[in-house]
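On a predicted model such as this, the values are computed, not experimentally measured, just so you know. Reckoned from all heavy atoms, side chains included, excluding hydrogens, waters and symmetry mates. This chain uses plain numbering: 1 for the first residue, then up along the sequence.
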Amino acid sequence: CAMLGGCRRALPAALGRALRGRAAGPGGRAVSTSWFPVGTAFDAKQQQQQPLRGGAAGRDTGLFGVPELSCPEGFQEAQDKALQESEQLVQKACSIPPGPETVMIFDQLSDSLCRVADLADFVKVAHPDFAFREAAEEACRNIGTVVEKLNTDVELCQSLRRLLADETVMSSLDPETRRVAELFMFDFEISGIHLDEEKRKKAVDLNVRILDLCNEFLIGTHIPNKIDKHVLPEHIRYNFTAEGNYLQVAGLHADCPDDLVREAAYKIFLHSNAQQLARLEELLASRNSLAQLVGYDTFAHRALRGTMAKNPEAVRQFLEKLSEQLSKRTQKDFQMMTKMKMKLNPHNSMLMPWDHPYYSGVLRAERYNIDPGLYCPFFSLGACMEGLNSLFSQLLGISLYAEQTKRGEIWSEDVRKLAVVHETEGLLGYIYCDFFQRPDKPHQDCHFTVRGGRLKENGEYQLPVVVLMLSLPNSARGAPTLLSPGMMENLFHEMGHAMHSMLGRTRYQHVTGTRCPTDFAEVPSILMEYFANDYRVVNQFARHYKTGQPLPKNMVSRLCESKKVCAAADMQLQVFYAVLDQIYHGKHPLEKSTTEILKETQEKVYGLPYVPNTAWQLRFSHLVGYGAKYYSYLMSRAVASMVWKQCFAQNPFDRAMGERYRREMLAHGGGKEPMLMVQGMLQKSPSVEDFVDALVSDLDHDFETFIMDS
């Protein structure tokens with residue numbers, strides 16, 4: 001929802017016992033009797049396949065406690081209610097004199113639409129009931145259309161323009177209110193509010209078409225390809241799903257040890273598709289047309305306004321300098337992979353794109369003897385959640401409590417609801433944890449804002465609500481869910497987003513939590529990965545689920561060092577994706593086809609050969625949500641690296657640094673310029689060279705571990 005822009009993207013044992021009854025809670029407040037220890041909630045998932053602690057009992061409610069959403073038809077009711085409220089707010093905004101109330105009304109308008117659109121955004125991809133998903137999809141489309149019309153409503157814009165033009169009133173506003181007013185105006189401008197009526201209508205039509213193309217392209221990125229089974233050698237057919245005389249290839253099989261299987265999967269899954277290609281070409285052309293219509297040279301210029309990078313030229317400089325620094329390391333990594341391939345497959349030693357993920361993994365396992373199966377028993381889900389709880393308690397004064405749910409509130413019986421409670425400020429918000437695999441659930445780890453926080457008209461604070469979605473395997477009955485090191489790191493990553501949502505307690509929901517520039521939004525989540533890879537943090541919770549034995553320090557050290565094997569090549573691959581994204585969203589018309597650009601960029605930036613008749617870009621789902629912004633992962637990692645090294649590497653539990661982190665980076669959401677937040681935390685203004693150095697220095701091996709292993 002672009003409205004109006006912001007919508008969419010150790011529990012101490014004694015306290016744990018106290019929670020079973022009524023006890024003094026955080027800040028001396030009474031602890032709810034419906035709260036109980038967070039680790040227990042997730043361990044219990046395996047012991048009883050039903051909602052925990054009365055989850056199926058009590059009165060009926062709707063999804064997330066929204067009364068209308070007890071059935072799919074409720075989306076229409078919620079949508080109608082939001083649209084009716086928005087009409088009243090538009091009339092009010094247009095009739096009052098310019099002042100702080102103008103910004104408040106705009107934020108109410110944004111909130112009324114986002115409360116439906118954001119919730120529907122999650123339900124349309126995750127709800128197990130098709131009728132719910134379909135109703136949510138329709139609501140998203142309808143709200144999106146209304147938003148695009150509001151963003152080109154001249155009278156509504158004029159009410160905001162009068163405020164921005166009144167220097168006396170503007171000077172009296174606090175910085176956050178001024179920024180939010182400017183952000184709302186930015187939403188109008190990028191939607192073409194300054195155009196004549198005919199062009200404004202064209203802008204609305206383009207936005208609606210782009211929304212449809214994004215949905216269609218996203219669906220197309222996941223659709224399997226089929227091939228006549230007789231085309232493949234008989235001895236590898238069992239790796240793919242059979243459908244009569246056809247085999248279905250739904251992924252790259254990147255971890256398969258058989259080179260032929262990986263090659264076949266790569267060539268079949270990435271085979272070009274004319275329909276998907278046409279969607280991508282129309283999407284890129286439509287984005288460019290819209291950008292130029294509203295006054296930007298390219299879509300990238302439009303998308304990067306307000307980000308840390310600010311413009312495509314800065315992104316290009318960052319990626320070029322990073323690629324230059326990675327070059328020699330990447331070539332060395334490719335040489336190591338080639339030698340390993342020659343060792344295991346002497347008849348075919350040329351390194352190909354389908355080899356990179358597999359042989360880098362083989363090298364990691366061989367050099368550091370890393371077997372994920374040796375780590376999993378130490379990472380039960382309940383223990384990992386207690387570890388997060390302990391870290392947040394020490395660093396931020398925050399505890400996580402599981403809370404029982406009402407019937408109809410959750411969409412799957414294994415979803416858990418967490419209350420996020422500060423030791424003096426009390427309840428901050430709710431996290432719904434949708435962690436386990438199920439049919440028709442996307443295999444992706446992500447964070448959804450369901451409701452943004454804001455200060456309401458009556459003085460109360462609207463608590464944020466988010467969903468964390470993972471794809472953890474369902475374990476055997478009676479046993480805890482055991483996480484691989486990668487799953488544990490992903491859990492920490494997504495919880496970083498959740499804490500940003502909980503602690504970005506802004507006055508306006510338009511800029512709450514993760515509603516901030518994309519290249520800043522990933523900083524809190526990536527920073528959590530550094531905590532997840534620090535032995536002092538891991539040692540607080542990693543215990544063997546049977547024996548209680550702590551995870552040995554050398555196992556953590558070896559795991560961390562193993563991640564640096566071929567890490568330069570891995571990062572160079574990310575640079576390639578980011579460069580490709582910039583070219584696609586740069587000057588139009590494109591000089592060549594998207595596939596020819598892919599081939600040229602892959603061989604120039606990445607270094608491994610393009611495979612004829614493949615079109616990887618048609619599986620590049622990030623082109624939808626991260627169009628012109630894929631570089632954000634790298635830039636956010638650079639900032640997170642600097643924050644970790646300067647502020648937390650010496651002591652990951654430093655409460656003073658934790659409070660500074662909250663005050664300077666988390667508390668503002670998108671209500672402050674991102675680079676100003678970074679400067680506040682680091683107490684300096686980082687340069688492009690600083691970003692690059694931070695990323696490259698992370699690739700250096702730890703000398704102590706290296707010597708020990710030697």
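- Remark: side-chain polar atoms of Asp434 are not paired, donor with acceptor, to backbone N or O of Met469 under 3.5 angstrom.
- Note on Arg364 versus Asp570: salt bridge recorded, some NZ/NE/NH1/NH2 to OD/OE distance being below 4.0 Å.
- Under the 3.5 Å distance criterion, with hydrogens and angles disregarded, a donor-acceptor pair is assigned to the side chains of Asp690 and Ser687.
- The CD atom of Glu386 sits 10.5 Å away from atom CG of Leu381, with the distance rounded to the nearest 0.5 Å.
- Under 3.5 Å, the side chains of Glu529 and His493 contain a donor-acceptor pair of N or O atoms.
- Atom CZ of Arg416 and atom CG of Leu400 lie 15.0 Å apart (nearest 0.5 Å).
- Salt-bridge annotation for Glu182 and Arg178: absent, with no side-chain N of the basic residue lying under 4.0 Å from a carboxylate O of the acidic one.
- Side-chain polar atoms of Asp111 and Gln462 form a donor-acceptor pair below 3.5 angstrom.
- Aromatic rings of His585 and Phe299 (six-membered ring for Trp) have centroids within the 6.0 Å cut-off, being under it.
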### Query
Can Tyr661 and Asp654 be said to form a side-chain hydrogen bond (donor to acceptor under 3.5 Å, both in side chains), step by step?
CA-CA 10 Å; Tyr661 175 51; Asp654 188 329; over 6 Å; no
### Task
Any chance you could lay out the ring pair (Phe, Tyr, Trp, His ring centres under 6.0 Å) test for Tyr633 and His622, step after step, and finish with the verdict?
CA-CA 11 Å; Tyr633 287 110; His622 283 81; 5.7 Å; yes
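- Although no hydrogens or angles enter the test, the distance criterion places no donor-acceptor pair under 3.5 Å between the side chain of Lys629 and the main chain of Leu304.
- By the 4.0 Å N-to-carboxylate-O rule, Asp519 lies too far from Lys310 to be salt-bridged with it.
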### Query
Could you walk me through whether Tyr606 and Thr330 pass the side-chain hydrogen bond (donor to acceptor under 3.5 Å, both in side chains) check?
CA-CA 9 Å; Tyr606 180 35; Thr330 300; over 6 Å; no
### Query
So Leu252 and Trp354, side chain to side chain contact (heavy atoms under 4.5 Å, CB included) or not? Walk me through it.
CA-CA 8 Å; Leu252 294 174; Trp354 54 80; over 6 Å; no
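- Within the model, atoms CG of Asp333 and NE2 of His356 stand 7.5 Å from one another, a figure rounded to the nearest 0.5 Å.
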### Task
Evaluate the criterion side-chain hydrogen bond (donor to acceptor under 3.5 Å, both in side chains) for residue pair Ser323 and Gln572; output intermediate values, then yes/no.
CA-CA 7 Å; Ser323 186; Gln572 189 69 56; 3.0 Å; yes
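- Taking the six-membered ring where the residue is Trp, Trp616 and Tyr577 present parallel rings, their angle staying beneath 30° rather than reaching 60°.
- The main-chain N or O of Leu463 is found under 3.5 Å from a side-chain atom of Arg451 such that the two form a donor-acceptor pair.
- Side-chain atoms of Arg507 and Thr177 form a donor-acceptor pair, as typed in the model, at a separation below 3.5 Å.
- Between the side chain of Tyr432 and the backbone N or O of Val415 there is no donor-acceptor pair closer than 3.5 Å.
- At least one donor-acceptor pair closer than 3.5 Å links the side chain of His668 to the backbone N or O of Arg663.
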### Task
Begin from the C-alpha positions of Phe435 and Phe42 and carry the test ring pair (Phe, Tyr, Trp, His ring centres under 6.0 Å) through to its verdict.
CA-CA 10 Å; Phe435 283 173; Phe42 291 93; 5.4 Å; yes
